[in-house]
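Notes follow once the structure below has been shown.
If you're wondering where the values come from, they're calculated on a predicted model, not measured in any experiment.
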Amino acid sequence: MLPHAPWQFGSILPWLDLFGIAVFATTGALAATRRAQTFVTAAFFALITGVGGGSVRDLLIGAPVFWVHDPLVAAICLAMAALVWMTPQHWWQDKALDWLDAVGLAAYAVFGAAKALAFGVPPVPAALMGVMSACVGGIIRDVLAGEPSILMRPELYVTAAALAAGLHVALVAAGFPGFAAAIVATAAGFGLRAAAIRWRLALPSYRGRR
């Protein structure tokens, strides 16, 4: 039987997974509360943001959709929605959330890549599954909220997820233990995203022919 439980991918990875889900769920709930929506809307946004990327990943790699079989995941998303709903808005300043999101982005990219590898996905598609895990939930959130997509952020975002996922796949292929590969890759992805936040780093944009 193919593995599907998060704890089968190494001791650190389930914690990375749950942390990423919690952070993304928080951003989803905030997208609703900042528009003065109801708690039901905030809970929906939290859930769709928290599980969106992982759901698409699982469908593509032929895995059981993770949150349908794990009651803890949906509970975390709803708990984060309740936390955002009940706390003062000034607790959730954009910069503070950006830093949390940076950790969640790197962690979820690594977990997504690790899960794809565990299901026998080749290295390059596995790395792309990591990027998808980390980014698709936020894309869905932005589309539903009518905001510019995270894909359109001026500073590095998807690139940081790609670094985390790609480095994890490369380290595992080189023979590194899963735990060590996850820690190094998460740190690298977070470091790049943190540098982008701090110094507004961005890739060159297309300018066309002149």
Side-chain angles (χ1 to χ4, degrees), residues 4 6 9 13-14 16-32 41-70 72-74 76-78 80-81 97-98 100-119 121-169 182 185-186 189-190 192-193 196 203:
H4 63 269
F9 303 120
L13 289 172
L16 295 179
D17 179 39
L18 294 177
F19 180 80
I21 289 168
V23 170
F24 292 143
T26 301
T27 67
L30 285 169
T41 303
F44 176 79
F45 267 65
L47 182 64
I48 200 67
T49 308
V51 307
S55 297
V56 173
R57 174 204 64 218
D58 287 351
L59 290 171
L60 290 175
I61 68 175
V65 178
F66 70 109
W67 66 276
V68 177
H69 301 276
D70 185 349
L72 185 60
V73 174
I76 288 173
C77 293
L78 297 178
M80 297 313 298
L97 196 60
D98 279 346
L100 281 175
D101 182 69
V103 182
L105 179 78
Y108 215 37
V110 167
F111 179 81
K115 184 169 185 178
L117 288 175
F119 275 80
V121 177
V124 172
L128 295 176
M129 290 300 103
V131 176
M132 186 171 295
S133 299
C135 298
V136 167
I139 294 171
I140 297 171
R141 174 201 63 216
D142 293 343
V143 169
L144 293 176
E147 292 184 350
S149 169
I150 57 172
L151 294 174
M152 308 301 289
R153 288 188 181 216
E155 75 275 6
L156 300 177
Y157 189 87
V158 177
T159 306
L163 174 63
L167 183 58
H168 179 75
V169 169
T186 301
F190 170 75
L192 180 59
R193 178 65 187 134
L203 295 174

[X] to [Y] - nearest heavy-atom pair and separation:
X    : Y    : answer
A127 : G166 : CB-CA, 4.0 Å
A22  : M80  : O-CG, 3.7 Å
A145 : A31  : CB-CB, 4.4 Å
C77  : V51  : SG-CG1, 4.2 Å
G130 : A165 : CA-CB, 4.0 Å
A114 : H168 : CB-NE2, 3.5 Å

From [X] [atom1] over to [Y] [atom2], what is the distance, rounded to the nearest 0.5 angstrom?
X    : Y    : atom1 : atom2 : answer
L18  : I76  : CG    : CD1   : 4.5 Å
D142 : T27  : CG    : OG1   : 8.0 Å
M152 : I139 : CE    : CD1   : 11.0 Å
D98  : R193 : CG    : CZ    : 6.0 Å
L78  : L47  : CG    : CG    : 6.5 Å
D70  : I21  : CG    : CD1   : 8.0 Å

Would Y157 and D101 count as a side-chain contact (heavy atoms from CB on, under 4.5 Å) here? Give the steps. CA-CA 10 Å; Y157 189 87; D101 182 69; 2.9 Å; yes
Does NZ or CZ of R141 fall inside the cone over F24's six-membered ring, less than 6.0 Å from its centre and within 45° of the axis? no
May I ask you to test the [X]-[Y] pair for a side-chain heavy-atom distance under 4.5 Å?
X    : Y    : value
S55  : W67  : yes
R57  : F119 : no
V23  : V103 : no
L100 : T26  : no

Flag, side chain of D58 to backbone of F66, donor-acceptor distance under 3.5 Å: yes
Kindly determine whether D17 and K115 satisfy side-chain contact (heavy atoms from CB on, under 4.5 Å), including the steps that lead there. CA-CA 10 Å; D17 179 39; K115 184 169 185 178; over 6 Å; no
State which residue, out of I150, I140, V56, fulfils the side-chain contact (heavy atoms from CB on, under 4.5 Å) condition with C135. I150
